[in-house]
Amino acid sequence: MASTMLSLASVSPSASLSTHETPKGKVKLGRSFLSLNKERNNLFAKTESFGRISMVAAVNVSKFEGVTMAPPDPILGVSEAFKASTNQSKLNLGVGAYRTEELQPYVLDVVKKAENLMIERGENKEYLPIEGLAAFNKVTAELLFGADNPVIKQQKVATVQGLSGTGSLRLAAALIERYFPGAKVLISSPTWGNHKNIFNDSRVPWSEYRYYDPKTVGLDFEGMISDIKAAPEGSFVLLHGCAHNPTGIDPTPDQWEKIADVIQEKNHIPFFDVAYQGFASGSLDTDAASVRLFAARGLELLVAQSYSKNLGLYAERIGAINVVCTSSDTATRVKSQLKRIARPMYSNPPVHGARIVANVVGDPTLFGEWKAEMEMMAGRIKNVRQKLYDNLTAKDKSGKDWSFILKQIGMFSFTGLNKAQTENMTNKWHVYMTKDGRISLAGLSLAKCEYLSDAIIDSYHNVS
């Protein structure tokens with residue numbers, strides 16, 4: 001008896017078509033026997049007979065069948081929705097990336113010059129050490145603390161190049177989980193959307209301290225101080241060095257002093273996220289004042305840095321984690337453990353952006369040009385902020401006080417709009433923003449301020 005097997009790719013990888021010769025013209029239905037792995041494989045078979053031809057289709061269910069669809073990222077998902085829109089009036093105010101007045105991405109002139117230097121020198125692409133580019137680590141710590149700061153001169157800072165701010169925070173979280181088991185991290189309410197993800201994935205417990213007051217659209221300072229006091233002694237307190245994300249609300253210098261008092265009294269460990277140094281106010285020193293205040297008190301602290309915003313190196317993933325210790329010996333040991341954590345995580349960091357930073361910050365001429373460009377970028381955002389406020393106050397006749405927009409700082413503004421109102425912003429006005437009411441002023445132009453103010457007024461007054 002002859003038998004022929006034909007593969008049917010169009011049915012499934014394991015489908016087959018078989019024909020059978022039978023005597024005296026009698027039809028015999030084909031039969032398929034499927035071997036089942038009871039623990040791992042779920043198979044189902046469908047058989048259709050056509051005379052002497054029997055079709056058997058078997059589908060092997062994926063081992064990953066239990067993997068569910070993840071929800072879209074609340075920030076990056078905004079950009080995806082924006083790209084899908086065909087409306088001509090659409091605005092992307094979700095992701096915090098600087099745009100020109102024409103709403104186009106901007107590459108700093110000083111970055112182009114630094115890259116040309118790299119080409120002229122013929123620099124190679126060899127692996128960096130685990131801790132990163134030495135020249136980068138040196139200038140980035142000096143930029144943060146000041147080159148003459150005692151913690152720099154006495155070599156009390158352990159600096160390791162990380163994968164921008166996110167990766168640097170992740171290294172710090174792993175350090176906390178390993179050497180401070182059970183210690184809790186206090187996070188502001190609200191905070192940057194990725195903070196909680198980072199600590200969750202690092203298995204570091206966290207809780208929130210009050211920060212935003214919806215009644216004043218300002219800082220709930222008393223609530224903040226109360227919650228920090230109530231936290232278990234030795235907790236890590238995550239602070240935004242400047243331009244708080246998402247609110248744009250920063251403590252005053254006097255309030256920073258009182259925050260430091262409480263942290264010192266409770267033996268907490270300050271943990272700064274500095275993503276906007278120089279980009280918030282236009283001054284590198286002003287934006288680093290909070291970190292330097294804590295260092296001047298002799299406190300041990302952690303600081304995650306990012307160059308995504310102030311140098312526009314978003315895709316280069318350039319940042320650092322700094323740990324200020326009580327001695328150079330301790331700093332050396334802490335650095336060795338940060339390297340140990342980084343090794344199985346990503347092995348070593350990227351070189352291109354690190355060289356850009358080293359060239360810009362390490363060269364007096366380029367450094368001066370960079371400061372001028374930062375002032376220009378920060379100035380454009382301040383102008384947009386003022387224009388938006390002017391339009392809101394001119395158009396809204398309800399008497400609502402919009403002055404909180406001018407009191408906030410940096411690239412973000414917390415509008416106070418609720419989820420339903422933000423959905424109206426998107427569905428009716430095609431303004432794409434996060435559901436917490438945050439807008440990125442870096443994605444707004446002066447020409448679009450009036451349109452945005454109309455959308456905000458409509459959403460605030462006409463949507464409950």
Side-chain angles (χ1 to χ4, degrees), residues 107-108 110-149 151-153 155-172 241 272-279 284 287-288 291 302-324 328 331-332 334-336 338-343 345-371 373-374:
V107 179
L108 277 69
V110 73
V111 167
K112 296 175 184 177
K113 291 181 180 180
E115 288 180 318
N116 287 333
L117 279 176
M118 292 159 59
I119 295 172
E120 291 171 6
R121 294 169 182 167
E123 293 174 321
N124 60 48
K125 303 295 184 182
E126 289 292 305
Y127 289 123
L128 286 177
I130 300 172
E131 68 266 31
L133 186 69
F136 167 85
N137 289 341
K138 178 179 183 297
V139 300
T140 201
E142 291 176 351
L143 187 75
L144 179 63
F145 297 102
D148 295 328
N149 195 305
V151 297
I152 297 293
K153 289 187 171 296
Q155 299 180 329
K156 293 181 178 180
V157 185
T159 301
V160 169
Q161 181 185 336
L163 304 182
S164 198
T166 301
S168 301
L169 287 162
R170 186 66 177 78
L171 283 177
F272 282 91
D273 184 355
V274 178
Y276 308 100
Q277 186 183 358
F279 192 76
L284 289 163
D287 293 345
V291 174
L302 291 78
V303 188
Q305 284 172 281
S306 169
Y307 286 96
S308 291
K309 308 298 190 298
N310 56 14
L311 264 173
L313 300 177
Y314 306 99
E316 300 293 351
R317 313 313 295 144
I318 300 302
I321 179 65
N322 304 268
V323 183
V324 178
S328 61
T332 299
V334 169
K335 185 172 183 176
S336 74
L338 286 170
K339 290 165 59 178
R340 186 181 178 188
I341 292 168
R343 175 59 171 155
M345 193 181 290
Y346 58 85
S347 197
N348 58 316
V351 69
H352 188 82
R355 283 180 176 151
I356 292 174
V357 174
N359 286 339
V360 171
V361 183
D363 181 276
T365 301
L366 293 180
F367 186 64
E369 293 180 16
W370 178 40
K371 288 194 290 185
E373 282 196 85
M374 271 192 296

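Because only heavy atoms are used, hydrogens play no part in the values below, and waters and symmetry mates are left out as well, while side chains stay in.
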When you measure from the side chain of [X] to the backbone N and O of [Y], does any donor-acceptor pair fall under 3.5 Å?
X: N310; Y: Q277; answer: yes
X: E373; Y: L108; answer: no
X: S168; Y: A320; answer: yes
X: Q161; Y: P350; answer: yes
X: W370; Y: T365; answer: no
X: Q305; Y: T140; answer: yes
X: E142; Y: V361; answer: no
X: S164; Y: T166; answer: no
X: D287; Y: G278; answer: yes
X: D363; Y: L366; answer: yes

Give a yes or no on whether a salt bridge exists between R355 and E115, defined as a side-chain N under 4.0 angstrom from a carboxylate O. no
Looking only at heavy atoms, the pair that brings Y314 and K309 closest together is CE2-CD, 3.6 Å
If I compare all heavy atoms of L133 with all of A358, which pair ends up nearest, and what's the gap?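 Between these two residues, the closest heavy atoms are CD2-CB, 4.2 Å.
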Could you check if a side-chain atom of [X] sits within less than 4.5 angstrom of a side-chain atom of [Y], using non-hydrogen atoms only?
X: D148; Y: K153; result: yes
X: V110; Y: I356; result: no
X: I321; Y: L338; result: yes
X: L302; Y: N322; result: no
X: F367; Y: N359; result: no
X: V157; Y: F145; result: yes
X: S347; Y: I130; result: no
X: E316; Y: S308; result: no

Could you walk me through whether L284 and K371 pass the side chain to side chain contact (heavy atoms under 4.5 Å, CB included) test, one step at a time? CA-CA 8 Å; L284 289 163; K371 288 194 290 185; 4.0 Å; yes
How long is the gap from [atom1] on [X] to [atom2] on [Y], to the nearest 0.5 Å?
X: S306; Y: R317; atom1: OG; atom2: CZ; result: 6.5 Å
X: L144; Y: I152; atom1: CG; atom2: CD1; result: 7.5 Å
X: N124; Y: M118; atom1: CG; atom2: CE; result: 10.5 Å

Please lay out, stage by stage, how R121 and N116 fare under the test side chain to side chain donor-acceptor pair (under 3.5 Å). CA-CA 9 Å; R121 294 169 182 167; N116 287 333; over 6 Å; no
Whether Y307 and F136 hold their rings parallel, tilted or perpendicular, with breakpoints at 30° and 60°: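 Perpendicular: the ring planes of Y307 and F136 meet at over 60°.
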Apply side chain to side chain contact (heavy atoms under 4.5 Å, CB included) to M345 and L171, showing your working. CA-CA 9 Å; M345 193 181 290; L171 283 177; 4.3 Å; yes
Under the side chain to side chain contact (heavy atoms under 4.5 Å, CB included) test against V324, which residue among V291, V151, T159, V334 passes? V151
Would you find more than 12 non-hydrogen atoms of other residues, nucleotides or ligands less than 6.0 Å from E123 atom CD? yes
